[in-house]
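Read through the structure below, which is laid out as structure tokens, and then see the notes.
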Protein chains: 2
Amino acid sequence: MTKKPIDISAPPPDIRTAAKGQAPIAGGDVVASASNRAVRAAERRAAIVEAALEEFIARGFAATRLDDIAKRAGVAKGTIYLHFKDKESMFEELVRIVIVPVVEKLNALPPPTGSVRDLVEAFASNFLKEVANTRRGDLVRLIVAEGPRFPAVADFYYREVVSRGIAGMRALIELGIARGEIQQKNLARFPQILVAPAMIAVIWQSLFARHAPLDAQEMLRVHLDLIFGERRTT
Amino acid sequence: MTKKPIDISAPPPDIRTAAKGQAPIAGGDVVASASNRAVRAAERRAAIVEAALEEFIARGFAATRLDDIAKRAGVAKGTIYLHFKDKESMFEELVRIVIVPVVEKLNALPPPTGSVRDLVEAFASNFLKEVANTRRGDLVRLIVAEGPRFPAVADFYYREVVSRGIAGMRALIELGIARGEIQQKNLARFPQILVAPAMIAVIWQSLFARHAPLDAQEMLRVHLDLIFGERRTT
DNA sequence: TGACTTTGACTGACTAGTCAGTCAAAATTC
DNA sequence: GAATTTTGACTGACTAGTCAGTCAAAGTCA
């Protein structure tokens, strides 16, 4: 229930504008809303993205009203059209805007130390913290929901997240096999198996948590025991 | 791509009518479209359900037009309202109509013979045949997509399918543990792990098959090897 | 059995309402 | 005070739901 919001460090929309004078970013006091045009524009854009994300997650693409997004963002409807071409491309950009920083964070990640199991476990608990109990989790559901109607979104998501994730997991699995931590050689052919419970956890939380809460953390642990063998006493 | 349609054996909508005189059902020839009112009504209802399912799966709830459903069903829009109260309750009934026969089939199923592994494997391949490559697979995605906006649907689905499925799987896992086929005792606490790859397969097929086809059959086999140990040579 | 009457399933034009997208005017910035 | 940004009233396309009217099938009568 207590979803952490996603911090959206939105770059200004289309800043041929801002690149004019000298260093245009960051005025003296950021305390009150900063009074540099580019900055304010970026703030508004961020507010719109935040609001849109919220609405799209809650209602899906078709049922979301731009009026509601505008109201939530504290902005007039016309303003939205200063930042986005139309509803559809707003949705598509939205997904990119939210996902890109995650991918970047993942790319900058693994200093490959310790056992593969520890690595995967760190990954998993990070995933739970950063995704499963965040708006981002709902975003995953949103993509599953709207993907078929937005091939561009599905493509992007596949390319940026899924294929990389699968590749990364495969590398990890192969390492695990090489080191003898993982017995099942075939697992490398289906890294999906490794992440399946995590995905299920995300979906479960947003659909059935109310009926039967799921201890995702513990479930993932059990799953890892299955793959790596019962946990040795450290 | 080659989805099997779902056969919808729709009961007549509301046949106080038909119960008046003597046995009113079933005329001589059903070859040409039957000419008994109740029968025709049932046919039309079935056509509407079939068409609605198709449209809702393709476009989601909000973006689906009743005009399109009517056209696809070969029926006037008004006719839909003779069978369903409104769009929303049509959607909710739809899910029930399609899911109930599946549940019934499952209930009438397991003659518990052979090893647990064989049982589960039969289950899995049945699932692939009956769900993953059927409209029903898309229906699962549809429920994931619309669930949060249709608590009634999510509730129904949880009650009729998910909770029963989980319970059934748990029973199977416990049997497997008792018989020594399954080592991981904790698995019984999270039957979700057992079905996770199957769910992932369904979602994968409808979102990413185009990018990277997935041999679901083989993936499930590998997953079962993980749980039951590598397959002994039969 | 055939003529006449009643029924109610079905139709589709219509209404009332919604919402994406526009743009002239107001506000803000420099 | 000119240029730029923001606003929100407005338009027009679209659609859920309605309902007066139609007509094949069922019922009735002689």
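Chain A is the first sequence line, chain B the second, and so forth, proteins listed ahead of strands; every chain is numbered from 1. Reckoned from all heavy atoms, side chains included, excluding hydrogens, waters and symmetry mates.
Here the closest heavy-atom approach between residue B/Ile173 and residue B/Pro191 is recorded as CD1-CA, 3.8 Å. Pairing each heavy atom of A/Ala47 with each of A/Ala73, the nearest pair is O-CB, 3.6 Å. Between A/Arg96 and A/Pro101, the closest heavy-atom pair is O-CD, 4.4 Å.
Ring pair B/Phe208/A/Tyr158 is tilted by interplanar angle, where 30° to 60° counts as tilted.
Rounded to an integer number of Å, the gap from B/Arg45 CZ to C/dC10 P is 12 Å. What separates CZ of B/Arg59 from C1' of D/dC14 is a distance of 14 Å, to the nearest Å. When the P atom of C/dA9 is taken as reference, atom CD1 of B/Ile48 falls 13 Å away, rounded to whole Å. C/dT22 atom C1' lies 15 Å from atom NZ of A/Lys85, rounded to whole Å. A straight line from OH of A/Tyr81 to P of C/dC23 spans 13 Å, rounded to a whole angstrom. Nucleotide C/dG21 holds its C1' atom 12 Å from the CE atom of A/Met90, rounded to whole Å. Between the CG atom of B/Leu82 and the P atom of D/dC19 there is a distance of 13 Å, rounded to whole Å. Taking atom CD on B/Glu43 and atom P on D/dA25, their separation rounds to 13 Å, with Å as the unit.
B/Ile203 is listed as a side-chain neighbour of A/Ile203, based on a closest heavy-atom distance under 4.5 Å.
Annotation: proximity of residues 63-80 of chain A to DNA chain C (heavy atom, distance under 4.0 Å) is found for A/Thr64, A/Arg65, A/Leu66, A/Lys77, numbered in ascending order.
For the pair A/Lys85 and A/Glu92, the salt-bridge criterion is not met [side-chain N within less than 4.0 Å of a carboxylate O].
Distances shown here put a side-chain N or O of A/Arg44 below 4.0 Å from the OP1 or OP2 atom of D/dT7.
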